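Notes for the one structure printed next.
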2 protein chains.
Amino acid sequence: MKGPKRSLDVPKIVNAVLELLAEDPAAVPTLRGVAAHLGVRPNTLYTYVPDRAALEGAVVEHLLDLAGPGVLTGGAPWRERITGYALRLRAELLARPGAVPFFLSGPMTGPSAALVGEGLLAAFTEAGLPAADGARAAYAVMVHVLGSAAMAAADLPGPEVSPAEAVRTRRAALAAGPPRIAAVADVAAAWNSVEQFEWGINRLIDGCVPSLR
Amino acid sequence: MKGPKRSLDVPKIVNAVLELLAEDPAAVPTLRGVAAHLGVRPNTLYTYVPDRAALEGAVVEHLLDLAGPGVLTGGAPWRERITGYALRLRAELLARPGAVPFFLSGPMTGPSAALVGEGLLAAFTEAGLPAADGARAAYAVMVHVLGSAAMAAADLPGPEVSPAEAVRTRRAALAAGPPRIAAVADVAAAWNSVEQFEWGINRLIDGCVPSLR
DNA sequence: TATAAATTTTGTACAGTGTACATTGTGCAG
DNA sequence: CTGCACAATGTACACTGTACAAAATTTATA
């Protein structure tokens, strides 16, 4: 190796993104912001990453991994493994709404994504699903987790509005709507709660595994 | 009313957005692009719409409506009503990937969204679900539709790569991955097909409606 | 009918964004 | 010690959404 020493590497950059997200979880990190946080000029990042999309992909990989895909192949019953990972991934995303767009702005290739897919597939296989249906079920679970997180992030209230206040506002809006929805405003206004998320994936799993039907 | 006549209105602007999406379905329309398409300076739009988010909301409303929420309360069996609307909405979104971000960048308030929620709730109620579970199920269905569309849009190949080619590339990538996924590469590579989408919502519905279990 | 008031549209501008290109500087191989 | 390969920078460009003041236009009133 010739040339000057590299001052950074991809993990350090990903880490900077996470630090930005820790400071302001709702703000979508920007290339220039990351560079500034690292005390470096924006174009320096292009030494380590071909473009913004690649950086986003690296962050996605990190977060998929942070949620601990290991639990998917652990010793717990298959259902708890699936819901466990889903809940953890959801939690990581809701803790960083600003990172959610990264998951939906490019394909999820990469080893961690493959690992998650493999783990979900293993769990569904253990549940008795044929391989093809297992693949479909695994994909459906990811759709549900990412979809929920994206919709929750989309409904985030502005700066400094308490969650409780947000629910109250939402409930009022729903109560003023069509009759059937108005009648369940209490439930519908809290759709981004953990309980309702658990209800959702569990129903999805119920439907995917025929031995439960 | 004094002042000069208005040259536009919100429907005309929404229509311009749809025309831009028709020209290039994958491109996310921009305020300036819409203004140019209407032969008007960018800031003119601010007479009709407070900000970009509001315009996006109007487009979302239009597309939710375009998918025909009327079918949700029609005479067909409840299951066909749900899958019917889900399939149509999905189709409208996949035909305009550039509009998908609009659905996930702000809350879905508005009459059409309420109508869709009401229709889904009615269908699930007819299926025998208690109201609270119906609300949860309705939300889960929207999560699935929007989640699928978003993930499909995220995986869109660049300009001028045939879908068949894309599937082939994806299959090759999957086949090189972990064993279980590699074994079902054929199925997994086509996850954004209509069949697999139908499989997904149908499994979700199965899980949501206890009389089917 | 002339004037004033209201309101749409525009001109101009600013603070951002990602990224391309040429330049400068650093550090190891010869 | 020299030269080369590469990292980091300076500068720049085409974009984005949006704010503000000026201009243009229409209608209601004097």
Side-chain angles (χ1 to χ4, degrees), chain A residues 1-17 20-21 23-24 26-60 97-107 154 156 158-159, chain B residues 1-14 16-17 20-21 23-24 26-60 97-106 154 156 158-159:
Chain A
M1 285 299 164
K2 296 209 173 168
K5 302 221 156 135
R6 299 195 152 193
S7 61
L8 301 173
D9 50 38
V10 175
K12 268 200 199 94
I13 298 178
V14 169
N15 191 54
V17 174
L20 285 186
L21 285 168
E23 285 178 18
D24 185 351
V28 180
T30 152
L31 248 175
R32 301 180 101 105
V34 175
H37 190 76
L38 289 165
V40 118
R41 249 38 87 202
N43 22 2
T44 300
L45 301 182
Y46 284 84
T47 300
Y48 306 92
V49 143
D51 55 5
R52 169 165 230 266
L55 174 53
E56 294 183 359
V59 174
V60 166
V100 170
F102 294 178
F103 282 78
L104 300 172
S105 67
L156 272 190
Chain B
M1 285 299 162
K2 296 208 175 170
K5 303 219 154 131
R6 300 195 151 191
S7 62
L8 300 173
D9 51 38
V10 175
K12 269 200 199 93
I13 298 179
V14 169
V17 174
L20 285 185
L21 286 168
E23 285 178 18
D24 187 350
V28 180
T30 132
L31 249 175
R32 298 179 103 103
V34 175
H37 189 76
L38 289 166
V40 118
R41 249 39 87 206
N43 21 7
T44 300
L45 300 183
Y46 283 83
T47 300
Y48 305 93
V49 144
D51 57 4
R52 170 165 231 267
L55 174 53
E56 294 183 358
V59 174
V60 167
V100 170
F102 294 178
F103 282 78
L104 300 172
S105 67
L156 270 191

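Letters A, B, ... mirror the listed sequences (proteins, then strands); counts begin at 1. Predicted model only: the values in this text are computed from it and were never measured.
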Would you mind telling me which of B/Leu45, B/Val40, B/Val14 makes a side-chain contact (heavy atoms from CB on, under 4.5 Å) with B/Val34?
B/Leu45

Distance col, row B/Arg6:CZ vs B/Thr44:OG1, nearest 0.5 angstrom, shows 11.5 Å

OP1, OP2 of D/dA8 versus side-chain N and O of A/Tyr48: anything below 4.0 Å?
yes

Can you tell me if the side-chain N/O atoms of A/Arg41 get under 4.0 Å from OP1 or OP2 in D/dG10?
yes

Ranking A/Asp51 and B/Thr47 by the position along DNA chain C of their nearest nucleotide, the one closer to 5' is B/Thr47

Taking atom CG of B/Leu31 and atom CD of B/Glu56, what is their separation to the nearest 0.5 Å?
8.5 Å

About how many Å separate CG of B/Asp9 and OG1 of B/Thr47, when rounded to the nearest 0.5 Å?
12.5 Å

For DNA chain C, whose closest nucleotide is more 5', that of B/Pro4 or that of B/Asn43?
B/Pro4

Rounded distance (Å) that lies between atom P of D/dC6 and atom NZ of A/Lys2:
8 Å

Report which part of the nucleic acid A/Thr30 touches: base, sugar-phosphate, or nothing (heavy-atom distance under 4.0 Å, all strands).
sugar-phosphate

Could you tell me the separation between the CG atom of B/Leu38 and the OH atom of B/Tyr48, rounded to the nearest 0.5 Å?
9.5 Å

In whole Å, I'd like the distance from the NZ atom of A/Lys12 to the P atom of D/dA8.
10 Å

Chain A on DNA chain C: first and last contacting nucleotide, 5' to 3', under 4.0 Å to a heavy atom?
C/dT17 to C/dA29

Under 4.0 Å between any heavy atoms, over every strand shown, what does A/Arg6 touch: base, sugar-phosphate, or nothing? Just pick one.
sugar-phosphate

Rounded to the nearest 0.5 angstrom, the CG-CZ distance for B/Leu104 and A/Phe103 is 14.0 Å

To the nearest angstrom, the OH-P distance between B/Tyr46 and D/dA19 comes to 6 Å

Nearest-nucleotide wise, let me know which of B/Pro42 and A/Leu8 is further upstream toward the 5' end of DNA chain D.
A/Leu8

What integer distance in Å separates A/Lys5:NZ from D/dA8:P?
13 Å

From CZ of A/Arg32 over to P of D/dT16, roughly how many Å is that when rounded to an integer?
16 Å

Heavy atoms under 4.0 Å, any strand shown: does A/Arg52 hit a base, just sugar-phosphate, or nothing?
sugar-phosphate

Tell me, please, which residues at least two apart from A/Asp51 pass salt bridge (charged side-chain N to carboxylate O under 4.0 Å, His left out).
none

